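Chain naming here is simple, since letters A, B, ... match the order of the sequence lines and numbering starts at 1 in each. Just so it is clear, the structure is predicted and the values come from calculations on it, not from any experiment.
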There are 2 protein chains.
Amino acid sequence: MAGNVKLSVAGPGGGGVADKRIACRDCTLFQLCLPLGIGEDELALLDEVITARRSLKRGETLFRGGAPFHAIYAVRSGSLKTYTIMQDGREQVTGFYLPGELVALDAISLGRHPSSAKALESSSICEFSFQDFERMGVRVPGLQRQMLRVMSRELLNDELLLLLLGKKSAEERLAAFLLSLAIRFRQRGFSATDYNLSMSRSDIGNYLGLAVETVSRLFTRFQQDGLLRVERRRIRIHDIDRLSLLAGDTALSGSQRIDSAEVPQGER
Amino acid sequence: MAGNVKLSVAGPGGGGVADKRIACRDCTLFQLCLPLGIGEDELALLDEVITARRSLKRGETLFRGGAPFHAIYAVRSGSLKTYTIMQDGREQVTGFYLPGELVALDAISLGRHPSSAKALESSSICEFSFQDFERMGVRVPGLQRQMLRVMSRELLNDELLLLLLGKKSAEERLAAFLLSLAIRFRQRGFSATDYNLSMSRSDIGNYLGLAVETVSRLFTRFQQDGLLRVERRRIRIHDIDRLSLLAGDTALSGSQRIDSAEVPQGER
DNA sequence: GACTATGATTGATCCACATCAATAATCGGC
DNA sequence: GCCGATTATTGATGTGGATCAATCATAGTC
């Protein structure tokens with residue numbers, strides 16, 4: 001029963017590396033992914049740059065850190081994690097990606113993947129040739145615009161995570177993380193209060209800069225406090241308001257909200 | 001003598017908000033800033049979207065978190081810090097910006113500035129209307145390309161910082177930070193081993209997720225170990241190799257280097 | 001050129017979370 | 001449906017760096 005977060009669109013598990021295409025306009029992710037704000041006929045063009053569709057099983061690698069960069073990937077179903085590895089072997093999980101989110105944006109500048117990406121469960125991925133994509137951007141201005149927006153949003157996510165790692169307590173971190181997932185699931189039409197974690201405790205801890213044990217303890221504490229129920233990887237949030245409160249106001253990557261006007265403390 | 005990092009290009013301090021323009025092609029930052037890879041005549045166009053030049057004195061705010069987003073800024077001389085403020089008043093410094101770097105890229109997606117920006121010293125700033133900029137991107141493909149690269153690089157920086165905050169010790173963090181500055185100064189034609197910090201100890205600590213006291217102690221320790229000499233805000237690095245070693249290999253935001261091919265640990 | 005505010009250093013103490021250790025619950029494979 | 005291997009929980013102990021508290025240095029200010 002591993003598969004959560006399954007969108008109806010996922011190709012049948014069978015296929016090899018590239019399985020049969022579905023036009024972008026017919027994709028369930030239609031509104032989440034790039035195409036947003038692109039005209040009907042331009043959409044056909046977008047289909048052109050989709051090099052391949054790939055199916056990954058849990059634990060399989062999409063690309064490795066250090067590898068030359070050619071393509072950007074969109075998650076269609078399932079989920080991925082990205083991570084970098086330090087020379088001493090320590091690993092830092094840098095992000096989790098849900099359906100409709102783009103992976104490998106950090107590779108553009110260097111022309112190499114600074115991080116690796118791995119499937120957390122069976123997943124289906126769209127692969128865009130970046131070269132084609134750029135060429136196409138010339139003809140379809142909306143595409144470039146949207147791309148800038150997506151990247152800016154990603155920047156924002158990282159900033160929130162920075163705030164989390166730099167300033168927040170373990171409790172605040174986990175609360176913010178769970179809240180972030182809730183919001184992202186809701187955006188995708190799933191329940192915000194009842195979902196499955198596709199990542200291990202250790203991935204969560206790594207991502208949040210905490211030890212596995214701490215994550216585990218917090219889960220049981222949250223449960224004792226009546227905030228939520230956790231059973232293995234299933235999360236059921238009972239009191240999302242209190243969870244928000246615990247998280248401070250940083251809803252890590254779901255945020256449409258803005259710090260309510262910073263205090264103008266007179267320039268100093 | 002507060003003023004370090006001064007590029008010869010900086011307009012005379014006098015001017016009010018917007019002082020006399022200098023064409024992009026005549027700017028010392030020419031190669032660092034956006035124009036890279038843009039043709040001669042297209043450069044003239046870029047000048048068009050520069051709404052204003054602004055001079056900021058130390059401590060002055062360029063924009064505030066929450067404010068509507070209209071423009072992107074390029075640092076011409078001096079330096080800025082960006083930071084967000086949590087509802088409880090705690091502040092997280094999210095970045096330091098040197099000449100040639102672009103500020104406010106994280107504001108594009110929401111149409112509001114998620115963070116605030118403040119001058120660390122007297123600084124001169126180019127302001128680009130983002131609307132004009134996007135319109136212009138249609139005509140000048142190279143501009144969009146470059147913009148994607150700049151944003152991707154920024155993403156990369158954040159990831160490295162994430163790694164720093166999530167996994168590294170206080171010592172590693174400060175070493176990586178000093179190294180990062182060294183590399184960025186060198187890119188700008190300054191000495192990599194002898195420079196002035198424009199930010200306070202407290203800004204550094206905040207940025208790195210450390211207490212001021214810890215930063216201070218580390219500075220004196222580094223000095224005792226013969227790594228560098230620090231006198232107030234002046235840094236003189238004696239043994240940059242050892243500093244790199246201390247930093248792990250994460251040279252935070254200077255990195256042109258890539259984790260030397262991650263170990264292929266067989267999928268699991 | 002003394003005065004005050006701010007920033008930096010140094011020392012003493014404390015605590016949140018890591019680390020170590022053991023056990024328990026699940027999962028995947030055949 | 002059993003077995004070894006992960007993954008998760010729970011407890012005991014340790015520590016890196018935060019926090020608290022002085023003192024000192026520097027930079028503005030009138």
Item checked: Closest-nucleotide 5' rank along DNA chain C - winner of Met199(B) and Arg217(B) ->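 Checking each residue's closest nucleotide, the 5'-ward one belongs to Met199(B).
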Which pairs, protein N/O on one side and nucleotides 21-26 of chain C N/O on the other, fall under 3.5 Å?
none

All ring pair (Phe, Tyr, Trp, His ring centres under 6.0 Å) counterparts of [X], not counting sequence neighbours:
X: Phe219(B); value: none
X: Phe222(B); value: none
X: Tyr97(B); value: none

Checklist line | Angle between terminal axes - the helix from dG1(C)-dC30(D) to dC30(C)-dG1(D), 5 pairs each end, rounded to 10° | finding: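 Terminal axis comparison yields 60°.
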Partner set under side chain to side chain donor-acceptor pair (under 3.5 Å) for [X], not counting sequence neighbours:
X: Asp158(A); value: none
X: Asp239(A); value: Arg242(A)
X: Arg232(B); value: none

Short side-chain N/O contact from [X] to OP1 or OP2 of [N], under 4.0 Å:
X: Ser200(A); N: dT7(D); result: no
X: Thr220(B); N: dT10(C); result: yes
X: Arg233(B); N: dA8(C); result: yes

Checklist line | Length of the line joining Leu165(B):CG and dC17(C):P, which is rounded to integer Å | finding: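 The distance from CG of Leu165(B) to P of dC17(C) comes to 15 Å, rounded to the nearest Å.
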Note to self: Tell me the interatomic distance from Ile204(A), atom CD1, to dT7(D), atom P, rounded to whole angstroms.
What the structure shows: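 Spelled out: CD1 on Ile204(A) to P on dT7(D) is 13 Å.
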Note to self: Any salt bridge linking Glu171(B) with Arg221(B)? Criterion: basic side-chain nitrogen under 4.0 Å from a carboxylate oxygen.
What the structure shows: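 Salt bridge flag = yes for Arg221(B) with Glu171(B).
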Note to self: The criterion is side-chain contact (heavy atoms from CB on, under 4.5 Å); which residues satisfy it with Ala119(A), sequence neighbours excluded?
What the structure shows: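 Only Leu56(A), Leu80(A), Ser123(A) meet the side-chain contact (heavy atoms from CB on, under 4.5 Å) criterion with Ala119(A).
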Notebook entry, point to check: Do Thr82(B) and Ser115(B) have a side chain donor and acceptor closer than 3.5 Å?
Noted result: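 Side chains of Thr82(B) and Ser115(B): no pair found under 3.5 Å.
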Check: Contact class for Gly209(B) (heavy atom, under 4.0 Å): base, sugar-phosphate, or nothing?
Finding: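 The residue Gly209(B) makes sugar-phosphate contact but no base contact.
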Note to self: Under 4.0 Å, counting only non-hydrogen atoms across every strand here, what does Ala211(A) touch: a base, just sugar-phosphate, or nothing?
What the structure shows: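 Since a base atom lies under 4.0 Å of Ala211(A), the category is base.
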